[in-house]
Amino acid sequence: MSRVPAPSRRVLTALMEGGQPSASPGSDGTKIGRLFNHLHTLLEQQDEVLVALDRLAPQVYDEEEAGAAYRSVVAQETHLADATADTAAALLLAPVERACDLQLKLMVLIAACEPHRDDADIFPSLYLRALLTDLRCHTLSIKRGIHRS
């Protein structure tokens, strides 16, 4: 099985702001909801570690102690990257229990496909985003009772 690229926290956050799934992530107790919440926490922790790395990098050459701290933070970042990839893979392979789960899966897949800002307009992200929009509109129309078979 190939490794899932790390989802972009920036993209995932933007997708969440663009329209929440019909239930808040993780609030309904589905496996995908719980994995999504865990993934989001891991991405936040990874961002904090990257900030720490940026802070320590200039000091590494100045002091031996700073070098040890830097290596420790690099090890932590590596561990978080592995945990993020594993959690994203588990989420994408988990069975859907509710419509909101499918939306969460699409959001993670899009975030994994878009490591750079320009990637939103190319294959497959452009089409995955269109699919997410369709799913959100369809789910909304069902909630409002205007769905046609």
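The analysis underlying the following values was restricted to heavy atoms, covering all of them including side chains, and did not include hydrogens, waters or symmetry mates. Computed from a predicted model, the values in this text were never measured in an experiment.
Contact check for Glu97 versus Ile32: no side-chain heavy atoms found under the 4.5 Å cut-off. Met16 is listed as a side-chain neighbour of His40, based on a closest heavy-atom distance under 4.5 Å. For the pair Gln45/Thr41, a side-chain contact is recorded, criterion being any heavy-atom separation below 4.5 Å from C-beta on. No side-chain heavy atom of Thr30 sits less than 4.5 Å from a side-chain heavy atom of Phe36.
To the nearest 0.5 Å, atom CG of residue Leu109 and atom CG of residue Leu15 are 10.5 Å apart. The structure places SG of Cys100 at 10.0 Å from CG of Leu135, a figure rounded to the nearest 0.5 Å. Taking CG of Leu92 as the start and CG of Leu106 as the end, the distance is 9.5 Å to the nearest 0.5 Å. Of the inter-residue distances, the one linking Gln103 atom CD with Thr139 atom OG1 reads 4.5 Å to the nearest 0.5 angstrom. Note that NZ of Lys31 and CG of Leu93 are 9.5 Å apart. Values are rounded to the nearest 0.5 Å. Atoms CG and CG, on Asp86 and Leu39 in that order, are 11.0 Å from each other to the nearest 0.5 Å.
No donor-acceptor pair under 3.5 Å is formed between the side chain of Glu77 and the backbone N or O of Leu50. At least one donor-acceptor pair under 3.5 Å links the side chain of Lys105 to the backbone N or O of Ala94.
Between Ala88 and Val108, the shortest heavy-atom contact is CB-CG1, 4.2 Å. Residue Ala85 comes nearest to Val4 through the heavy atom pair CB-O, 3.6 Å, listed as atom of the first residue, atom of the second, then distance. Val11 and Ala111 get closest at one heavy-atom pair: CG1-CA, 3.7 Å. Residue Glu114 comes nearest to Arg10 through the heavy atom pair O-NH2, 4.0 Å, listed as atom of the first residue, atom of the second, then distance. When all heavy atoms are compared, the tightest approach of Leu104 to Gly33 is CD1-CA, 4.0 Å.
Not counting sequence neighbours, the partners of Glu44 by the salt bridge (Lys or Arg N to Asp or Glu O under 4.0 Å) test are Arg9.
As a member of the Ile/Leu/Val/Met/Phe/Trp/Tyr network built from side-chain separations under 4.5 Å, Tyr127 groups with Phe123, Leu126.
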For this session: Walk me through it: do Arg3 and Asp82 pass the test side-chain contact (heavy atoms from CB on, under 4.5 Å)?
Result: CA-CA 9 Å; Arg3 185 177 171 101; Asp82 289 343; 2.9 Å; yes
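Under the 4.5 Å side-chain contact rule for hydrophobic residues, Leu131 and Val96 share a cluster.
Paired with His38 under the rule side-chain contact (heavy atoms from CB on, under 4.5 Å), one option of Thr87, Leu91, Thr84, Leu43 passes, and it is Thr87.
In this structure, Arg129 does not pair ionically with Asp134, as no charged nitrogen and carboxylate oxygen lie closer than 4.0 Å.
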